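Given the structure is predicted, the values throughout are model-derived calculations rather than measurements. Order of the sequence lines sets the chain letters (A, B, ...), proteins ahead of strands, with each chain counted from 1.
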2 protein chains.
Amino acid sequence: MATGRTHRPATRSRGIPEATVARLPLYLRALTALSERSVPTVSSEELAAAAGVNSAKLRKDFSYLGSYGTRGVGYDVEYLVYQISRELGLTQDWPVVIVGIGNLGAALANYGGFASRGFRVAALIDADPSMAGKPVAGIPVQHSDELETIVRENGVHIGVIATPAGAAQEVCDRLVAAGVTSILNFAPTVLSVPDGVDVRKVDLSIELQILAFHEQRKAGEEAAARTAAGVPAPAATDATTAADGAKRTSATDQGPDGDVPAVMPA
Amino acid sequence: MATGRTHRPATRSRGIPEATVARLPLYLRALTALSERSVPTVSSEELAAAAGVNSAKLRKDFSYLGSYGTRGVGYDVEYLVYQISRELGLTQDWPVVIVGIGNLGAALANYGGFASRGFRVAALIDADPSMAGKPVAGIPVQHSDELETIVRENGVHIGVIATPAGAAQEVCDRLVAAGVTSILNFAPTVLSVPDGVDVRKVDLSIELQILAFHEQRKAGEEAAARTAAGVPAPAATDATTAADGAKRTSATDQGPDGDVPAVMPA
DNA sequence: GGTTGTGAAACCTTTCACAGCG
DNA sequence: CGCTGTGAAAGGTTTCACAACC
């Protein structure tokens, strides 16, 4: 594993596990909802249910941030919102550029969740000259020629790539050269980036394929469960998958778990 | 852990770890590209580079599927494509419905990656009556009233939710009631589903927040590294900072790592 | 009473390193 | 020789369960 840094020699204090970091936004969302309903405090149990994780995990996660709760009472909603926001770096606002304004790019530009958190869409960029000037989500699209200028002048550190696969690497290179150090990639490609640049990848078809795997397994199980010595069907795996809680109909662990996109210090 | 079913006589073999399952689509994509270039065989090293993981991991992953390689040579591309496709359940085709045809829904409908794998968009559904009949990606949008009928008549097991947050739970309930057992959720909500239904969640703003966390940390490190006794900045982490990795510009481990969306047995 | 915070155990994932085979 | 396949070690994550505290 060539990976340059990543390792970080044990980073004492403030050594928040990746798995925990990935869940903080989930807690933040749940807390924000509570805050809007003016709920003053929550127990780990309640908050965990709202965020779709279990309470032991949530308490452990919070323990990495510090001791922000009160025994016998719970957590102060407002205070926690602030602490988590600060930890995630959302108390400042991050200018973001979106490159590739097709349907997906437009969807991203219109997505309210950005502005509500510490993100601001600084510019929309597309290679198609006929798009230039056209407003999307109230922001005029700019031509790729401007990419470097835009990134530099706005001090953009985070870029979103929503171009076709073929254009992604070049866009990535230009973003990085202009100063971007974090990239959210929606194109179905593995991006090469220099050391020190983080890439996260979101891939629709990969998510579906993972679902298909489990779906197939369900079908196999059904068949196998009733057929004892049945067909040479795709061998019903262990189980792991589904089934876990009682017959409850509440979400129990929807959040992060263990896969797909991830930060990679390049 | 109230383990509902799970029992199953321990069905040995075929116990593929979740982390591995999440990477199979990555390998498949890389292999498909090689296949298109008519490359007959690959070594674990080459394939790993193309998929953005390291070779030891890749070999371990493949070892769960069986021994499909040849020592001293590598893996047969076509054969591996087939084996992985089969393992993921992509040799059959999965009808999928997309609910909520806004920008995101349209982007999904237009996304080529679906059809190319074993997925077929069986229907597009939206609650807005004025959308009804309008073709998106060549498929006419149908009104939500038809949801149950569409799901049943097409034998749909996988549903994609791209509605606003407020509508997601209701849509989810209806999909599940009609027979859907796997859901890909793009709405920023935690969905409640009965036991046995898998949910995967893709959340744009969460991905950005995770990037922001690392971005912030980078800034903190820089400041701290040069300031020894500097400002009371957000507590600078350790700081492996400066030069340490090679100057390589290749991606090393972009793929899955350990967070975000995941299957959740409900 | 109730609920947090946390060591310790259990579990899962990645990485190492090399035996085994073509 | 080269490369796979895999035990074993290392590291990370989740869960347990209970002491500490309000």
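Distance B/Glu45 CD to D/dG2 P: 13 Å, rounded to the nearest Å. Atom P of nucleotide C/dT4 and atom CG of A/Asp61 are separated by 14 Å, given to the nearest angstrom. Whole-Å rounding puts the A/Lys60 NZ to D/dA17 P distance at 14 Å. Note: CG (B/Leu58) to C1' (D/dT6) measures 14 Å, nearest angstrom. Computed from coordinates, the A/Arg23 CZ to D/dT13 P distance equals 8 Å when rounded to whole Å. Put simply, OH on B/Tyr79 is 15 Å from C1' on D/dT4, counting in whole angstrom units. Between the P atom of D/dT13 and the CD1 atom of A/Ile16 lies a distance of 12 Å, rounded to the nearest Å. For A/Asp76 and C/dT3, the CG to C1' distance is 15 Å, given to the nearest whole Å.
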All N/O contacts under 3.5 Å from nucleotides 17-22 of chain C to the protein, with atom names and distances to one decimal?
unit_1: C/dG20; atom_1: N3; unit_2: B/Arg71; atom_2: NH1; d: 3.2

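Side-chain atoms of A/Ser44 and A/Arg59 form a donor-acceptor pair, as typed in the model, at a separation below 3.5 Å. A donor-acceptor pair shorter than 3.5 Å cannot be found between the side chains of B/Thr41 and B/Asp76. Side-chain contact annotation: B/Tyr82 with B/Glu78, donor-acceptor N/O pair under 3.5 Å absent. Under the 3.5 Å distance criterion, with hydrogens and angles disregarded, a donor-acceptor pair is assigned to the side chains of A/Ser205 and A/Gln209. Residues A/Gln169 and A/Thr189 have side chains that never bring a donor and an acceptor to within less than 3.5 angstrom of each other.
When distances run from any side-chain atom of B/Ser63 to the nucleotides D/dT14, C/dT13, D/dG5, the shortest one goes to D/dG5. Distance from the side chain of A/Pro17 is smallest to D/dT13 among C/dT15, D/dT13, C/dT14.
Regarding contacts with the backbone of D/dC22, every side-chain N or O of A/Tyr75 stays at 4.0 angstrom or more from both OP1 and OP2. Side-chain N/O atoms of A/Asn54 include one lying less than 4.0 angstrom from OP1 or OP2 on D/dT15. Look at B/Lys57 and you'll find a side-chain N or O under 4.0 angstrom from OP1 or OP2 of C/dT15.
A ring-centre distance under 6.0 Å is found for B/Tyr75 and B/Phe62.
Contact between A/Ala30 and A/Leu47 at its shortest, heavy atoms only, is CB-CD1, 3.7 Å.
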